Protein chains: 2
Amino acid sequence: MIKNSQACRSNCPINFVLETFGDKWTLLIVRDLMFKGKQSYGEFLASDEKISTNILAERLKRLEDHEIIEKRTAPDNRSKFLYSFTSKGKDLLPIMLEITAWSAKHDATTNTPPEFLSMFENAREQLMKDILHQLDQD
Amino acid sequence: MIKNSQACRSNCPINFVLETFGDKWTLLIVRDLMFKGKQSYGEFLASDEKISTNILAERLKRLEDHEIIEKRTAPDNRSKFLYSFTSKGKDLLPIMLEITAWSAKHDATTNTPPEFLSMFENAREQLMKDILHQLDQD
DNA sequence: CTGTATCCTTAGGGATACTG
DNA sequence: CAGTATCCCTAAGGATACAG
């Protein structure tokens with residue numbers, strides 16, 4: 001059972017994300033869904049960090065409750081389920097990219113796949129375009 | 001006592017930040033130091049979220065061990081200590097700004113101070129300049 | 001394949017008294 | 001002022017067996 005009533009220690013935006021992502025596992029699921037092409041329970045379960053079945057199920061449900069991911073049945077197999085991001089979930093991309101960039105810069109042991117960094121540069125370019133476009137409007 | 005030997009579940013950059021920030025308190029200290037002008041133990045202690053003394057002390061030590069913050073004695077008062085960011089700590093700014101932006105967009109109850117958002121826009125503009133400058137180099 | 005249920009252990013954390 | 005030291009308790013999480 002998932003508790004809907006969260007403590008809500010404050011109305012700070014930093015604290016707000018901690019209420020959802022302030023644990024050791026949730027962000028890894030987001031990573032797998034965002035960067036590793038994983039979509040199913042079994043795929044998430046097979047990650048390097050060895051999450052256990054009950055924790056994974058609880059986190060998936062929580063992310064669904066928070067409307068960060070959605071669950072649907074696979075088109076070909078009705079007993080298989082696929083998870084995907086909502087738009088709210090997709091909006092986590094800039095955060096994930098900045099986290100990746102920070103780790104790549106400050107931890108030599110971190111193994112950052114090249115596609116991470118190229119994706120990051122692409123996103124920053126897109127950001128630049130968005131801002132330029134916005135400036136044109138003014 | 002702080003354990004130096006971390007589990008290090010994987011070499012993933014997302015997992016790397018979780019080893020340091022994957023709890024409910026650490027990021028709040030970063031926030032107070034970065035956005036609220038707090039520098040001392042007593043100031044951190046007085047935050048809305050009511051961190052307890054032992055937890056705060058442990059987290060400050062941990063951030064120091066990870067070379068994200070530094071501790072020095074106050075110039076005027078030798079029994080007072082001031083915490084400040086290392087360059088590694090300052091590099092957390094883009095992450096913090098993106099987190100703030102995400103919360104501001106997706107949570108109506110979040111109370112985001114205006115200075116947060118203006119600071120965010122400034123940082124994005126600076127980022128744009130950096131990219132343009134970099135493009136000129138090529 | 002996608003989870004539940006259960007057991008059990010440990011780590012995280014609140015409260016509070018105390019110290020240099 | 002800036003922490004330590006304890007006590008205690010709950011929640012988080014690992015392992016594993018089982019189920020639709």
Side-chain angles (χ1 to χ4, degrees), chain A residues 1-10 15 18-29 32-33 37-66 69-84, chain B residues 1-10 15 18-29 32-33 38-65 69-84:
Chain A
M1 182 62 76
I2 312 286
K3 293 173 193 167
N4 280 352
S5 60
Q6 293 197 338
C8 191
R9 303 176 292 181
S10 73
N15 183 63
L18 288 177
E19 310 270 6
T20 306
F21 301 100
D23 74 285
K24 302 269 186 200
W25 291 112
T26 306
L27 218 55
L28 297 181
I29 298 174
D32 286 351
L33 188 59
K38 300 188 179 185
Q39 306 182 82
S40 67
Y41 184 89
E43 290 171 324
F44 295 131
L45 205 57
S47 286
D48 287 349
E49 294 88 2
K50 301 297 171 196
I51 191 170
S52 62
T53 60
N54 51 348
I55 303 296
L56 175 57
E58 198 270 349
R59 291 303 190 279
L60 286 172
K61 204 165 292 174
R62 201 136 74 117
L63 285 171
E64 221 186 327
D65 288 346
H66 284 57
I69 63 175
E70 312 177 298
K71 181 182 184 175
R72 64 182 200 281
T73 60
D76 54 330
N77 181 350
R78 72 171 55 185
S79 70
K80 176 160 191 171
F81 298 100
L82 298 179
Y83 294 92
S84 58
Chain B
M1 181 63 74
I2 313 286
K3 294 173 192 167
N4 280 352
S5 59
Q6 293 196 337
C8 190
R9 303 176 292 181
S10 72
N15 183 64
L18 289 176
E19 310 269 6
T20 306
F21 301 101
D23 74 284
K24 300 268 186 200
W25 291 110
T26 305
L27 219 55
L28 297 181
I29 298 173
D32 286 351
L33 188 58
K38 301 188 179 186
Q39 305 183 83
S40 67
Y41 184 89
E43 290 172 325
F44 294 130
L45 204 57
S47 286
D48 287 348
E49 294 87 2
K50 299 299 172 195
I51 191 170
S52 62
T53 60
N54 51 348
I55 304 296
L56 175 57
E58 198 268 349
R59 292 303 191 279
L60 286 172
K61 205 167 290 174
R62 201 136 75 117
L63 286 171
E64 220 186 329
D65 288 347
I69 63 175
E70 311 176 299
K71 181 182 184 176
R72 64 181 199 282
T73 60
D76 54 330
N77 182 349
R78 71 171 56 185
S79 72
K80 176 159 192 170
F81 297 99
L82 297 179
Y83 294 91
S84 58

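All values below come from the heavy atoms of this structure, side chains included, with hydrogens, waters and symmetry mates left out. Protein chains get the first letters and strands the later ones, always in sequence-line order, with residue 1 at the start of each. Note that this is a predicted model, so its numbers are computed, not measured.
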Between dT4(D) (P) and I51(B) (CD1): distance, integer Å: 14 Å

All salt bridge (charged side-chain N to carboxylate O under 4.0 Å, His left out) counterparts of E43(A), not counting sequence neighbours: none

Partner residues of L56(A) under the side chain to side chain contact (heavy atoms under 4.5 Å, CB included) criterion, sequence neighbours left out: I29(A), Y41(A), F44(A), L45(A), I51(A), L60(A)

Touch class at under 4.0 angstrom, heavy-atom based, for K50(B) against every strand present: nothing

Protein-nucleotide distance (L27(A), atom CG; dA12(D), atom C1'), rounded to Å: 17 Å

Close side-chain approach of R9(A) and K24(B), heavy atoms under 4.5 Å: yes

Partner set under salt bridge (charged side-chain N to carboxylate O under 4.0 Å, His left out) for E70(A), not counting sequence neighbours: none

Integer-rounded Å distance: dG14(C) C1' and L56(B) CG: 14 Å

Phosphate contact (dA11(C) OP1 or OP2) by W25(B) side-chain N/O below 4.0 Å: no

Between N15(B) and E19(B), a side-chain donor and acceptor under 3.5 Å: yes

Whole angstrom value for the distance that separates C1' of dG13(C) from CZ of R9(A): 11 Å

Check the interface with nucleotides 1-6 of chain C: list each N/O to N/O pair with the protein under 3.5 Å, or write none.
from   : atom 1 : to     : atom 2 : distance (Å)
dT2(C) : OP2    : G42(A) : N      : 3.1
dG3(C) : OP1    : K71(A) : NZ     : 2.4
dG3(C) : OP2    : Y83(A) : OH     : 2.7
dT4(C) : OP1    : K61(A) : NZ     : 2.8
dT4(C) : O4     : T53(A) : OG1    : 2.9
dT6(C) : O4     : N54(A) : ND2    : 3.3

Rounded interatomic separation in angstrom, taking NZ from K24(A) and P from dG12(C): 7 Å

Flag side-chain contact, heavy atom, 4.5 Å: L63(A) against F21(A): yes

Overall bend - the helix from dC1(C)-dG20(D) to dG20(C)-dC1(D), comparing terminal axes fitted on five pairs, nearest 10 degrees: 50°

Salt bridge flag under 4.0 Å for residues D23(B) and R59(B): yes

d(CD1, I55(A); C1', dC8(C)) in whole Å: 13 Å

R62(A) versus T20(A), closest heavy-atom pair with distance: NH2-O, 4.4 Å

Which side-chain N or O atoms in residues 74-84 of chain A pair as donor and acceptor under 3.5 Å with protein atoms at least two apart or in another chain?
from   : atom 1 : to     : atom 2 : distance (Å)
N77(A) : OD1    : S79(A) : N      : 2.9
N77(A) : OD1    : S79(A) : OG     : 3.0
S84(A) : OG     : R72(A) : NH1    : 3.3

Euclidean distance, atom CZ of residue R62(B) to atom C1' of dG12(C) [Å, nearest integer]: 10 Å

